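Below: one structure, written as structure tokens.
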Amino acid sequence: MAKQDAFSRHAGKLSKRQFEQYLNRVPLQSWEKEYVKRVMEKFNTSYSLGITREEFQKGLDEMAKNPRNRINKTKIAQIKKYF
């Protein structure tokens with residue numbers, strides 16, 4: 001049986017509260033967590049109602065491609081691991 005990720009455990013969508021609970025498990029500095037939240041809001045205009053796996057992946061891809069991003073690819077991979 002494949003390991004379930006956060007999105008499959010919550011019917012494909014995480015509420016804002018659930019997303020933040022998972023994000024708080026990731027060993028990041030608080031400014032990095034805030035940055036991740038802001039990026040996710042950009043990719044989901046109804047972020048307060050929840051975020052899908054696809055929106056989450058788009059946000060992470062955007063962070064990886066952005067040359068001005070202060071979160072490196074190692075930390076992005078770490079974020080993925082916790083979700």
Side-chain angles (χ1 to χ4, degrees):
M1 181 181 210
K3 179 184 168 195
Q4 284 192 324
D5 67 6
F7 295 94
S8 59
R9 283 192 291 268
H10 297 283
K13 192 173 202 175
L14 294 176
S15 71
K16 183 177 180 179
R17 185 174 148 262
Q18 289 166 331
F19 177 79
E20 289 178 5
Q21 286 175 336
Y22 279 97
L23 186 59
N24 285 333
R25 296 177 188 170
V26 183
L28 297 173
Q29 294 180 23
S30 45
W31 69 265
E32 293 170 318
K33 291 178 184 180
E34 284 302 314
Y35 177 73
V36 171
K37 288 179 200 176
R38 298 301 160 251
V39 170
M40 295 306 156
E41 286 174 0
K42 177 177 149 187
F43 281 90
N44 181 345
T45 55
S46 62
Y47 174 69
S48 60
L49 299 176
I51 187 166
T52 65
R53 178 184 290 113
E54 292 75 24
E55 292 162 338
F56 177 71
Q57 292 298 329
K58 284 181 189 176
L60 292 178
D61 290 344
E62 174 69 22
M63 283 190 278
K65 292 176 188 174
N66 184 348
R68 296 181 308 188
N69 182 10
R70 293 174 44 199
I71 296 181
N72 62 33
K73 291 181 181 181
T74 305
K75 290 197 178 184
I76 293 171
Q78 202 173 25
I79 293 168
K80 284 183 181 181
K81 186 176 98 177
Y82 280 83
F83 283 83

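Since we're looking at a predicted model, the values are computed, not measured.
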Task: Intermediate values then yes/no, side-chain contact (heavy atoms from CB on, under 4.5 Å), K37 and E20 - done: CA-CA 8 Å; K37 288 179 200 176; E20 289 178 5; 3.8 Å; yes
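With sequence neighbours excluded, the residues satisfying side chain to side chain donor-acceptor pair (under 3.5 Å) with N69 are Y35. Taking the ring-ring contact (aromatic ring centres under 6.0 Å, His included) definition, one finds that F83 meets it with F19, Y22, F56, sequence neighbours left out. For the salt bridge (Lys or Arg N to Asp or Glu O under 4.0 Å) test, residues two or more places apart in sequence or in another chain that qualify with R53 are D5. Partners of Y82 according to the side chain to side chain donor-acceptor pair (under 3.5 Å) rule, which considers only residues two or more places apart in sequence or in another chain, do not exist here. Applying the side chain to side chain donor-acceptor pair (under 3.5 Å) rule to Q57 yields no partners; only residues at least two apart in sequence or on another chain are considered.
A salt bridge links E41 with R38: at least one charged nitrogen is closer than 4.0 Å to a carboxylate oxygen.
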Would you list the atom pairs, donor with acceptor, under 3.5 Å between side chains in residues 25-32 and any protein atom, with sequence neighbours excluded?
from : atom 1 : to  : atom 2 : distance (Å)
Q29  : OE1    : W31 : NE1    : 2.7
E32  : OE1    : Q29 : N      : 2.7
E32  : OE1    : K75 : NZ     : 3.3
E32  : OE2    : K75 : NZ     : 2.7

Scan the side chains in residues 58-66 for donor-acceptor partners under 3.5 Å anywhere in the protein, sequence neighbours excluded, and list what turns up.
from : atom 1 : to  : atom 2 : distance (Å)
N66  : OD1    : R68 : N      : 2.9

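Taking CG from L23 and CG from L14, the interatomic distance works out to 11.0 Å, rounded to the nearest 0.5 Å. Distance check, rounded to the nearest 0.5 Å: CG of N72 to CD of Q78 gives 9.0 Å. The OG atom of S8 sits 16.0 Å away from the NZ atom of K13 when rounded to the nearest 0.5 Å.
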